[in-house]
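Below is one structure, written out as structure tokens; the observations come after it.
One is the number of the first residue; the rest follow in order along the sequence.
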Amino acid sequence: MKTLDVNQVIDNARFTRFHWMVTLLCGLLLVFDGYDLFIFGAVLPVLMKEWGLSPVQAGALGSYALFGMMFGAFIFGPLADRIGRKKGVAISFVLFSIATFMSGFATTPTEFGIFRFIAGLGCGGLMPNAVALINEYAPKRARSTLVALMFSGYSLGGVLCAGLGIYMLPRFGWQSMFFAAALPLVLLPLILWKLPESVGFLLRQGQQAKARQMLSQVAPDVAMGSDVQLMQTDAKGAGVPMLDLFLKGRAMGTFMIWLSFFCCLLMVYALGSWLPKLMATAGYSLGSSLSFLLMLNFGGVVGAIAGGWLGDRFSLPKVVLAFFALGTVAIALLGINSPMPVLYLLIAIAGATTIGTQILLYANTAQFYPQAIRSTGLGWASGVGRTGAIVGPLLGGWLMAAALPLHMNFLVFAVPGLVAALAIGFFILSYRGKQEALSVSVAAVRPAL
């Protein structure tokens, strides 16, 4: 019987409609995920007024969903290595959609916080599994670009949230923003029908026939009859322990990835939760404040796509380093009294280099770990990063309570960007010469980097 390495087949595959389908489905899921994640920042000024919340209380309330995301990433990343990524994605999608819808019925901050925590569980589970799935099927020459295209859905969700908020909040109240989150559930049958299962999971389950059928859609020009035995050179059993992330020279890379995730998500959620409120406090109207949130996420879309394109042509870690450095400068300058066009430009750059860089970090992490522990690596990186996401809204609340000048708030928000840039710089120096992909280009990355 002939043997065929599925990693080589996927690496060298032509770009097909199957790749478009996986990218579009995962991107669509992340549109709804992004909507859910930015909804709190959109409704925060209204909630603080209606429930009489102090800045510290509001920051704590914003962190409930992010606590859920941390646990969701820890739970659903490794769980998907056991039950399959398709099931992990579907469960996460249903969980956050229903919980977000129920948040609109909350009458107290406590009820609201419980629903937001449950929604966070689903959001935290969806992201690492979607990234792992698209990394598994993407040809190596376009891997970062496809991840970036998929993740631009996350930023589009933020754009959708801010745009709907400008229209719906003054007319229908904050509850309507959460009720709208139930609409994506009508797409669940399409997701269950069209979203592919991980070929690595199918092989671990001994489902050779299904794996051949799936792989034939990835590379229709490769002969895969019943006499072909599929194999993966880096495959191992399900149930991967977290300690495997530190073996075979991966310890330093894992620590630096975790630190950069922490800092990046702190900036994303500090800005996403407090940018409208900070601008409203500075004298801008609610509509103008939400337009800043819209511009932040629009920048995230541009940054993700541009970063993925650059990452496939240059070294992805170096692109991440440049983005962090640029983001640090842009955020620090936000507090300076600038003309509106300049302010919008700085906010767009901040979005491109925080939200966009988060997306590049997922791509870099997926390429750093072997396929067999990719979901676990992404889940733990995302989960550790969620501690930064939790700190972000809390930090914004503390700064608001301290009544600091506007420019001081943004200077504090910029510090994590500098720390993240140093972490990625150390990551590059530690692995230079050890990994071909880190010194040449992402296009040369093996799927089991």
Side-chain angles (χ1 to χ4, degrees), residues 5-8 10-11 26 73-82 84-85 88-89 124-140 143-144 146-148 150-151 198-201 203-204 232-262 264 308 311 315-317 320 358-386 423-424 426-428 430-432 434-439 442-449:
D5 187 345
V6 300
N7 292 336
Q8 292 183 3
I10 293 171
D11 274 0
C26 290
F74 284 140
I75 294 169
F76 286 103
L79 180 64
D81 288 325
R82 293 176 177 271
R85 288 178 188 144
V89 166
L126 177 64
M127 209 173 286
N129 282 304
V131 175
L133 190 63
I134 201 165
N135 263 279
E136 182 169 357
Y137 282 116
K140 69 177 183 180
R143 190 158 290 141
S144 291
L146 290 184
V147 171
M150 178 201 71
F151 248 116
S198 159
V199 69
F201 174 77
L203 291 178
R204 291 197 299 270
Q232 280 188 306
T233 54
D234 62 349
K236 60 185 289 186
V240 179
M242 184 270 284
L243 291 179
D244 279 5
L245 303 179
F246 298 90
L247 301 180
K248 299 181 180 180
R250 290 189 290 263
M252 183 58 65
T254 295
F255 279 126
M256 292 300 102
I257 285 171
W258 285 5
L259 179 58
S260 58
F261 260 87
F262 175 90
C264 184
S315 168
L316 180 58
V320 174
Q358 176 198 3
I359 295 165
L360 299 181
L361 282 176
Y362 274 103
N364 185 55
T365 303
Q367 293 168 8
F368 181 70
Y369 293 112
Q371 189 275 334
I373 61 171
R374 190 166 292 150
S375 280
T376 300
L378 284 163
W380 273 90
S382 182
V384 171
R386 293 302 160 193
I424 293 298
F426 197 70
F427 178 92
I428 294 170
S430 298
Y431 288 89
R432 184 165 55 187
K434 297 180 181 180
Q435 303 286 354
E436 179 183 346
L438 295 181
S439 59
V442 175
V445 174
R446 293 166 49 234
L449 181 63

- prompt: ring-ring contact (aromatic ring centres under 6.0 Å, His included) with Phe255: which residues, sequence neighbours excluded?
  reply: Phe246
field: Pairing residues for Ala381 by the side-chain contact (heavy atoms from CB on, under 4.5 Å) criterion, not counting sequence neighbours
entry: Ile257, Trp258, Phe261, Thr365
Heavy-atom closest pair, residues [X] and [Y]:
| X | Y | result |
| --- | --- | --- |
| Ala130 | Met150 | O-SD, 3.7 Å |
| Val89 | Asn129 | CG2-CB, 3.8 Å |
| Leu259 | Ala423 | CD2-CB, 3.8 Å |
| Phe201 | Arg82 | CE1-O, 3.0 Å |
| Cys264 | Leu361 | CB-CD1, 3.8 Å |

- request: List the steps, then state whether side chain to side chain contact (heavy atoms under 4.5 Å, CB included) holds for Ser260 with Val320.
  value: CA-CA 10 Å; Ser260 58; Val320 174; over 6 Å; no
field: Contact check, side chains of Phe427 and Asn364, non-hydrogen atoms, under 4.5 Å
entry: yes
task: Test Arg250 against Tyr369 for side chain to side chain contact (heavy atoms under 4.5 Å, CB included), laying out the working first.
output: CA-CA 8 Å; Arg250 290 189 290 263; Tyr369 293 112; 3.8 Å; yes
